[in-house]
Amino acid sequence: MTTPSNQPDGTAQELDQLRRNAQQRAAIDDALVALFAPEDDALQAALAAGRAADMPAIQISPLQGRLLQVLAAACGARKILEIGALAGYSGIWLARALPADGKLISLEVSEKHAAVARASLERAGVSDRAEVRVGPATETLPALADEAPFDLVFIDADKPGYPAYLDWALKLTRPGSVIVADNCIRGGAPLRESASGDADPSIKALSDYDRRVARDPRLRSVALPMDDEGMDGFAIAVVLAGPSTGQ
Ligand code: DHB
Ligand code: MG
């Protein structure tokens, strides 16, 4: 790129540096995925099945999938609850973190998406430990009391539902359980001071979710920018044995 004569030299140099930084970040991301979270045929087939069914490509990233597995290992997960199955991509990551006699229950509002997710889980060889239940989560969640406590809950569904899903996650877990929610950063909108009054119900709900997990004395939480070039990411909360001091 040539420097326009009316701009100081620094501008073109700065743009060049920004471009190099972006390329470097992308190369680092590729290397991290190749080292820690390579996708096998079953994961790639789940992505292809979602595309073939005209589903939105809004699944988690491979590194997020790997992080879910690390968290599942850290809390010794034997029972995992997922809210929002989509095409089964995250379900494969989660089910693979379970022991052979473990159980993933994935709740999905759409019958069509559930069928795609079941086929993806079957192809991955984990349908013995992974079940997709169809219906609005507000109806399927109350039926889970007998199967609780879950060691890990992963929330990645309709955003306005997040505060209610957090209520259920707290009911259906135990001290030491991990509650993870996707899309808690969303370009920063839920973190703005005014977000609790936002006209967009998704932003309002995500703001409510973030503030609650940040401040609830039953939880120790963090949100990490790790997806969409740092524009989005998980909120991760651990259920504490006793109230935290807040520090
Ligand atoms: C949307 C939903 C998601 O869960 C996500 O990760 C990205 C986008 C959406 O509804 O737009
Ligand atoms: Mg998501």
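Counting starts at 1 for both ligands and their atoms, following the listed order. The residues of the chain are indexed from 1 along the displayed sequence. Quick note: numbers below take in every heavy atom, side chains included, and nothing from hydrogens, waters or symmetry partners.
When hydrogens are left out, the protein atom nearest atom 8 (C) of ligand 1 is R186 NH2, 3.5 Å; that is the closest non-hydrogen contact. Ranking the protein heavy atoms by distance from atom 2 (C) of ligand 1 puts I58 CD1, 3.4 Å first.
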*Please report the C-alpha distance between Q17 and R20 in whole Å, then the side-chain angles of each, then the deciding distance to 0.1 Å, and finally whether the side chain to side chain donor-acceptor pair (under 3.5 Å) criterion is met.*
CA-CA 5 Å; Q17 185 62 49; R20 274 200 301 276; 2.9 Å; yes

*Kindly indicate, with the supporting measurements, whether the criterion side chain to side chain donor-acceptor pair (under 3.5 Å) is fulfilled by D40 and Q44.*
CA-CA 6 Å; D40 68 349; Q44 285 179 355; over 6 Å; no

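Residue contacts with ligand 1, taken as heavy atom pairs separated by less than 4.0 Å, involve D182 solely via side-chain atoms from C-beta onward. Residue contacts with ligand 1 for D156 involve side-chain atoms from C-beta outward but no N, CA, C or O (heavy atoms, distance under 4.0 Å). Proximity of N183 to ligand 1, defined as any heavy-atom pair under 4.0 Å, is confined to the side chain (atoms from C-beta onward).
Looking at D228, its side chain never comes within 3.5 Å of a backbone N or O of M231 through a donor-acceptor pair. Remark: the backbone N or O of K79 is paired with a side-chain donor or acceptor of D151 at under 3.5 angstrom.
Note on ligand 1: Q59 sits outside its first shell, no heavy atom being nearer than 4.0 Å. Ligand 1 lies nowhere less than 4.0 angstrom from a heavy atom belonging to Q64.
Nearest N/O/S atom of D182 with respect to the Mg ion (ligand 2) is recorded as OD2. Of all the N, O or S atoms in D156, the one closest to the Mg ion (ligand 2) is OD1.
The existence of a salt bridge linking D200 and K204 is excluded, since no basic side-chain nitrogen approaches an acidic carboxylate oxygen closer than 4.0 Å. A salt bridge links D167 with R212: the closest approach of a Lys/Arg side-chain nitrogen to an acidic carboxylate oxygen falls below 4.0 angstrom.
For N183, the nearest N, O or S atom to the Mg ion (ligand 2) falls under 2.8 Å.
Between K103 and the options E82, E147, E131, a salt bridge (Lys or Arg N to Asp or Glu O under 4.0 Å) holds for only E131.
Aromatic ring centres of Y165 and Y209: separated by at least 6.0 Å.
The ligand atoms of ligand 1 that sit less than 4.0 angstrom from a heavy atom of K159 are 2 (C), 3 (C), 4 (O).
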